[in-house]
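Right, one structure below, let's go through it.
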Amino acid sequence: MATSAKFDLDRGMVITGKWRHRRYRVERMLGEGANGKVYLVQQDSRLMALKVGLDTADLQSEINVLQALEKQQKKGNGGSPFLYDVDDLKLRSGKEYPFYVMRYVRGTKLPAFLAASGAEWFPLAGYNLLLRLADLHGSGWAFGDLKVDNVLVADYGRVELVDYGGVTAFGKSIRQFTEIYDRGYWNAGIRTSDAPYDLFSFAVLCVQLFEEKELYRLTAGTLPQNRGTAELLRLAQQSQQLKPFSGWLARAFAGGFRDAAEAADAWNVVIHRIGRPSKPVPWWTKALFLLSAAGLAASAFWLAGGFG
Amino acid sequence: MKQILLITDGCSNVGLSPVVAAAQAFSDGVTVNVVGVLDGGDIGEYGAKEIQEIAHAGGGMSRMVNTRQLSQTVQMMTRKTVVQTIQQAVQKELKSVLGGSGALEELPPEKRSEVVRVIDELGETSKLRVALLIDASASMKPKMAAVEEAIRDLMLSLQSRQGVSELSVFHFPGDKHGDDATLDLDWTTNLSGVQSLFPKLQMRGTTPTGPALQQVAQYYRESMEERRRGGEEDEMRSGYVG
Ligand SMILES: Nc1ncnc2c1ncn2[C@@H]1O[C@H](COP(=O)(O)OP(=O)(O)OP(=O)(O)O)[C@@H](O)[C@H]1O
């Protein structure tokens, strides 16, 4: 339901907060969604991201989540601050909008990253994304609206999540979701927030990365009551890149991981299995093995003191 | 919290004005939302205007969508209405405490945080009832599968809330001659046992939107009275908002 924003902030414009009077210069728009627009801004030559909301209560609810997360992180490992400022801005038209300022996350979306760097980066990027989810799950939150638009990848497959509008404390109903990533849509469970909810979305995201056309065909052509995880899994098995992960994906679709930390460990096991390919063993290794086994037996015999 | 969600694809053509009926429902504390289902067909300027006005009079919102977007729209509207209903109640409180209009925007950002936390908490935990009123006139026939899917999807979202959520379903015009609307499903918290919501629907020509709305509002009143007589303590414990 895109109630698209009726405002635009132009490059070079200077925004002054109504309450705290901090000033930001607009560089360009980074993206827009159902809830507002995000701009790259500058303050004393520091780059930041500024999100302008369409609805004060909605945006505040998102800010509350960010503040709670930050508080938890400070108690823990003192993670870098994410939220810099919260205020309102007034446009020349006289209309006021709420905004908040957060850390600017450099990066591209996963499809572009993989296209540029190669699909061999997929397992690592996936692992890093699972670690990000694990941070949230460790604090009792699900990300909720995990989708391709909300994952940014920087160099070497470093991953950051953006758009915390869907983040939901475990046990409450997911605040915001996107149909194709939603387990309810696939007849695989309700929309109460828990860690497996995100892992389901993660698995759909994997399928989307490599079988996008087929996935859309599936959503367009299948009767709702026939929509199921078996179909998703079938797509995963078709893909060269996903095949090694099909066991992992099956478990994620079935809600079989406790949380993202456990899922990340299991993912890592698959990565290492790919690293050490279990190709058919050539005949000469077997011969070598037999030889050395024979040698070992001989030396054991010798060590044991021979027949004497 | 009480909502009526009207799903239609055209103009009312008999009986009381649906705008009046929606205004009446709103006075009774029931919010009326309206979805117009397009799908190639044209609702027409007049129909579109009526849909907007019904929602306006009913204190709710309206959207025009294709069947593909129906589930997501219904789910979002219901959720947004819950938040708005609570926001209005909270705003009234704030107004009496702080003066001014009580609008969130008037508070400095640090103060909003607490208010919104309360709104979110109530939105998740308070009791919710949604009565769906489905236009079953002839032109809706090809859209009924999507309507049923949207209803099941809504039930799923409601089940995911912490607060008790119930849903009921009506279609109009009613099956018996002269009936404005027929109840397909009484208040329920679960649809998994229901094979088909509209097993043998006869699609007819008239569209008595106003009288049908009135009937659903009446149904709300009756079930509230039943509750008052039956489980007064229940009601107190769960605490209706709005
Ligand atoms: N901190 C950030 N750094 C860089 N880019 C960002 C940042 N936050 C958001 N973006 C970009 O802006 C886009 C829109 O932001 P966001 O998703 O928060 O808006 P939204 O209205 O909540 O969208 P949605 O409809 O997906 O919920 C994102 O997809 C992302 O590309």
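In what follows, chains are A, B, ... by sequence order, proteins preceding strands, each numbered from 1.
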TODO: Would you mind checking which part of A:Gln176 comes under 4.5 Å of any heavy atom in chain B, side chain (CB onward), backbone (N, CA, C, O), both or neither?
DONE: neither

Open item on the list: Distance to the ring centre below 6.0 angstrom and angle to the axis at most 45 degrees; does that hold for A:Lys51 and A:Phe99?
Closed with: no

Open item on the list: Please classify the contact between B:Arg79 and chain A as side chain, backbone, both or neither, with a heavy-atom cut-off of under 4.5 Å.
Closed with: side chain

- [ ] Taking atom types as modelled, find out whether B:Asp120 and A:Ser61 have a side-chain donor-acceptor pair closer than 3.5 angstrom.
- [x] yes

Name every donor-acceptor pair, under 3.5 Å, that has one atom in a side chain of residues 189-196 of chain A and the other anywhere in the protein, sequence neighbours excluded.
unit_1   : atom_1 : unit_2   : atom_2 : d
A:Arg191 : NE     : A:Asp182 : OD1    : 3.4
A:Arg191 : NE     : A:Asp182 : OD2    : 2.9
A:Arg191 : NH1    : B:Asp153 : O      : 3.3
A:Arg191 : NH1    : B:Asp153 : OD2    : 3.3
A:Arg191 : NH1    : B:Ser157 : OG     : 2.6
A:Arg191 : NH2    : A:Asp182 : OD2    : 2.9
A:Arg191 : NH2    : B:Asp153 : OD1    : 2.6
A:Thr192 : OG1    : B:Ser160 : O      : 3.2
A:Ser193 : OG     : A:Thr168 : O      : 3.0
A:Ser193 : OG     : A:Ala169 : O      : 3.3
A:Asp194 : OD1    : A:Arg183 : NH1    : 3.1
A:Asp194 : OD1    : A:Arg183 : NH2    : 3.3
A:Asp194 : OD1    : A:Tyr197 : N      : 3.0
A:Asp194 : OD2    : A:Arg183 : NH2    : 3.3

- [ ] For side chain to side chain donor-acceptor pair (under 3.5 Å), just list the numbers for A:Gln208 and A:Tyr216, CA-CA rounded to whole Å, side-chain angles, deciding distance to a tenth of an Å, and then say yes or no.
- [x] CA-CA 9 Å; A:Gln208 187 192 17; A:Tyr216 285 121; 3.2 Å; yes

Open item on the list: Between A:Phe177 and chain B, with a heavy-atom cut-off of 4.5 Å, which part of the residue counts as in contact: side chain, backbone, both or neither?
Closed with: both

Task: Among A:Ile63, A:Ile174, A:Thr219, residue most engaged with chain B (heavy-atom pairs, under 4.5 Å) - done: A:Ile174

Open item on the list: If you apply the rule side chain to side chain donor-acceptor pair (under 3.5 Å), what do you find for A:Asp85 with A:Tyr24, and how did you get there?
Closed with: CA-CA 11 Å; A:Asp85 192 13; A:Tyr24 304 93; 2.6 Å; yes

- [ ] Please list, in residue-number order, every residue in residues 251-258 of chain A that has a heavy atom less than 4.5 Å from any heavy atom of chain B; write 'none' if there are none.
- [x] none

Task: Contact class of A:Arg20 relative to chain B, heavy atoms under 4.5 angstrom - done: neither

TODO: For each of B:Glu124, B:Gln162, B:Gln159, B:Gln84, tally heavy-atom pairs with chain A at distances under 4.5 Å, and name the one with the top tally.
DONE: B:Glu124

Task: Verdict with supporting geometry, B:Glu45 and B:Lys49, salt bridge (Lys or Arg N to Asp or Glu O under 4.0 Å) - done: CA-CA 6 Å; B:Glu45 204 181 313; B:Lys49 194 148 180 264; over 6 Å; no

- [ ] Not counting sequence neighbours, which residues clear side chain to side chain donor-acceptor pair (under 3.5 Å) with A:Lys18? List them please.
- [x] A:Glu96

- [ ] For the residue pair B:Glu105 and A:Thr56, confirm or rule out a side-chain donor-acceptor distance under 3.5 Å.
- [x] yes

Task: Those residues that, when tested against B:His171, pass side chain to side chain donor-acceptor pair (under 3.5 Å) (two or more places apart) - done: B:Asp175, B:Asp184

Open item on the list: What part of B:Glu110 gets within 4.5 angstrom of chain A, counting heavy atoms only: side chain, backbone, both, or neither?
Closed with: neither

